[in-house]
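Chain letters run A, B, ... following the sequence lines, proteins first and then strands; every chain starts at 1. Everything numeric in this text was worked out from a predicted model, so none of it was measured.
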There are 2 protein chains.
Amino acid sequence: MVTIYDIAAKAGVSAMTVSRVINNTGKISDKTRAKVKRVMEELNYVPNQTARSLVLQQTRILFLLITDITNPFYTTLARGAEDAATKNGFRLLFGNSDESLDKESDYIQTILSTRVDGVLVAPAGDPSLPHLEKLRRHNIPFVLLDREVPGIGCDVVLGDSKEGGRRLVEHLAEHGHRRIAMINGSSSISSARLRLQGYREAMKLHDLPCGELDIYETSFGLRSDLSGIEAWLDAMPEPPTAIIAGNNVLALEVMSVLRKRGISVPEQISLVCFDDLGPYADFDPFITVIAQQAYHFGYIGMQMLLERIQEREPSAPWKKIVLPAELIVRRSVAEPPSP
Amino acid sequence: MVTIYDIAAKAGVSAMTVSRVINNTGKISDKTRAKVKRVMEELNYVPNQTARSLVLQQTRILFLLITDITNPFYTTLARGAEDAATKNGFRLLFGNSDESLDKESDYIQTILSTRVDGVLVAPAGDPSLPHLEKLRRHNIPFVLLDREVPGIGCDVVLGDSKEGGRRLVEHLAEHGHRRIAMINGSSSISSARLRLQGYREAMKLHDLPCGELDIYETSFGLRSDLSGIEAWLDAMPEPPTAIIAGNNVLALEVMSVLRKRGISVPEQISLVCFDDLGPYADFDPFITVIAQQAYHFGYIGMQMLLERIQEREPSAPWKKIVLPAELIVRRSVAEPPSP
DNA sequence: TAGCGTAGAGTTATCGATAACATTTCAAGC
DNA sequence: GCTTGAAATGTTATCGATAACTCTACGCTA
């Protein structure tokens with residue numbers, strides 16, 4: 001591998017001169033600069049970023065840790081983050097925790113040892129706290145995306161989950177639904193908690209019945225086994241006329257179970273969810289959703305992270321951005337079937 | 001930031017002894033080992049991977065460069081690659097070239113300067129050749145995924161694109177279609193070329209008409225402007241009764257145009273494509289596709305890459321794996337409407 | 001008890017770059 | 001021709017780890 005010394009030797013200058021040419025610093029005569037550049041081209045020289053990071057104490061690499069790389073919400077978010085990062089001369093690496101605390105922990109370790117300059121995290125849930133404290137202890141700036149974690153102070157970009165929950169209930173109530181059930185992610189995840197809270201408040205406000213059996217708490221991630229969902233549907237004494245899914249993955253899974261049972265949406269049951277389906281919503285614009293501005297989550301989060309890294313205002317108070325929830329009405333809601 | 005010297009000082013040993021404890025090499029008394037470990041815990045020490053990489057001349061980091069992070073084909077592939085990498089103690093970083101040669105070139109530069117141990121590339125197309133030659137010149141092992149590039153020798157994992165093209169035509173022909181059009185990615189991409197070739201051969205075999213206007217060559221990536229597709233549909237003298245899309249993104253876009261025009265699928269026109277829609281195919285199992293084993297592309301490609309890196313067989317001949325194409329019949333194909 | 005082998009440590013050089021300081025070069029001014 | 005100061009370039013130390021070598025102390029053997 002060609003090093004800066006090889007270039008220096010061949011160009012008949014010192015390594016420092018080559019370094020100055022590379023970084024455009026200090027004073028170099030045009031003649032020397034040209035000669036060094038020519039030699040670099042000739043030998044296909046590429047500076048060793050590892051060596052550079054070691055002395056500069058910064059990598060200009062940022063990390064985005066998401067919980068589900070196959071979920072379009074996160075890939076769209078990733079695009080936003082990437083765009084903001086490259087626009088500022090940083091590179092972005094991705095990691096995928098799969099909603100697992102263990103994998104998340106591994107990635108945190110990787111992040112610490114790689115000495116990245118900053119991290120964007122969609123945490124697996126409240127128990128992610130120790131992971132975040134680790135980042136804090138090691139002075140690595142980070143911004144939370146989509147989910148808050150109680151107990152840690154930091155910048156965070158959230159969606160208006162509670163409001164989203166309310167709106168979905170209202171939308172269904174307007175169509176005459178009274179038996180509205182909800183399937184949701186774990187309550188150890190702040191967004192799931194707020195979605196549920198919004199749902200509960202709106203149900204109460206509209207004087208709709210809502211027993212504990214109407215709510216099913218499971219994981220946001222993709223599962224191979226849908227029997228939990230089946231059991232839940234069977235357990236409700238009076239079947240619901242509408243279901244709210246806490247995210248897009250859960251909606252897919254509920255849909256799959258309903259189809260298997262020959263229950264048609266929206267004729268026999270209405271179905272709505274949080275999070276849009278990315279490009280696929282376009283394909284068959286079927287399901288009514290609370291859409292989140294996924295791209296903006298990434299873009300804004302990245303901007304906040306870069307501000308912390310470049311510390312325009314040292315130790316500014318933590319910021320919390322809440323992006324609005326938008327109801328997109330499509331074709332998955334109808335009047336409840338007459339009894 | 002805590003360094004190995006801080007640990008050494010506090011534990012009253014040399015840095016080398018700490019290094020030996022970290023890496024479990026050499027001989028260390030149990031007493032010393034315990035003391036060093038305790039100090040490392042106390043100070044939350046994490047070894048600096050940058051420094052380590054510099055001296056070891058290896059990073060244990062691999063890179064996956066894909067062309068569309070929002071395409072489920074690639075995210076599923078990414079999962080496979082990640083699983084194979086972590087299983088072997090390597091970490092995997094992702095990059096997204098967006099089907100752009102320029103972005104691809106930037107990533108190649110990043111890869112070279114980061115000194116990763118190996119690369120999995122889905123190239124933007126045949127003009128990616130110089131980028132791959134750069135990797136070769138710098139002795140970075142790489143494996144191509146999904147697309148070949150003429151002019152470079154390397155391991156590659158492909159889908160059986162030609163066979164897929166044939167099968168789609170046959171499937172449509174069996175349903176009585178004679179006017180079958182195709183929208184496809186750029187012919188500078190090997191998989192697009194083969195898909196087209198399969199289509200052409202099958203059309204000829206079945207004695208079906210196929211003029212130049214029936215084929216529309218565009219980009220595989222997502223576009224905001226669908227007017228090209230509109231113009232193509234308008235330009236065909238006799239409208240087709242079926243359309244084959246060269247990948248899932250193109251199918252989405254064609255679908256979008258058709259819906260806008262009030263043309264229903266499959267009643268008025270049949271639509272099939274290459275590549276499945278990931279989890280979304282489950283949601284509304286609508287479109288008939290040639291599915292590729294996306295996960296296996298990643299998993300197998302990664303295994304081949306690791307073999308090259310660990311050089312079990314130095315300079316073994318290049319391997320070319322062709323994964324079978326599977327026709328999944330759903331509901332987007334019907335008999336052509338009677339004239 | 002001298003000699004020797006080895007477990008358990010330490011020393012020094014190195015990876016490839018850059019910061020900080022040091023030195024050389026050369027043109028302008030008197 | 002000599003001084004002076006800025007421009008141009010070089011030298012040395014450093015970042016945090018590891019490889020390769022060296023050293024020390026102790027126990028066993030003859």
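Along DNA chain C, read 5' to 3', the first and last nucleotides having any atom under 4.0 Å from a heavy atom of chain A are dG16(C) to dA20(C).
Formation of a donor-acceptor pair under 3.5 Å by the S128(A) side chain with backbone atoms of H131(A) is not found in this model. The backbone N or O of R115(B) lies less than 3.5 Å from a partner atom in the side chain of T59(B), making a donor-acceptor pair. Panel note: side chain R136(B), backbone G153(B); a donor-acceptor pair is recorded below 3.5 Å.
Counting heavy atoms of neighbouring residues, nucleotides and ligands inside a 6.0 Å radius, atom NZ of K37(B) does not exceed 12 of them.
D68(A) is linked by a salt bridge (charged side-chain N to carboxylate O under 4.0 Å, His left out) to R79(B), counting only residues two or more places apart in sequence or in another chain.
In summary, the side chains of S14(A) and T17(A) do present a donor paired with an acceptor at a separation below 3.5 Å, with no hydrogens or angles considered.
At the heavy-atom level, I22(B) lies nowhere under 4.0 Å from the strands shown. Residue-level contact check: Q57(B) touches the backbone only, with heavy atoms under 4.0 Å from sugar-phosphate atoms and none from bases.
Electrostatic pairing of K134(A) and E104(A) does not count as a salt bridge here, judged by no charged N lying under 4.0 Å from a carboxylate O.
Using a 30° and 60° split on the angle between ring planes, Y107(B) and F63(B) fall in the tilted class, from 30° to 60°.
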Query raised in the report: What is the per-nucleotide protein-contact pattern of nucleotides 4-10 of chain D, from the 5' end, where B denotes a base atom under 4.0 Å from a protein heavy atom, S denotes such proximity for sugar-phosphate atoms only, and - denotes neither?
Result: ---SSBB
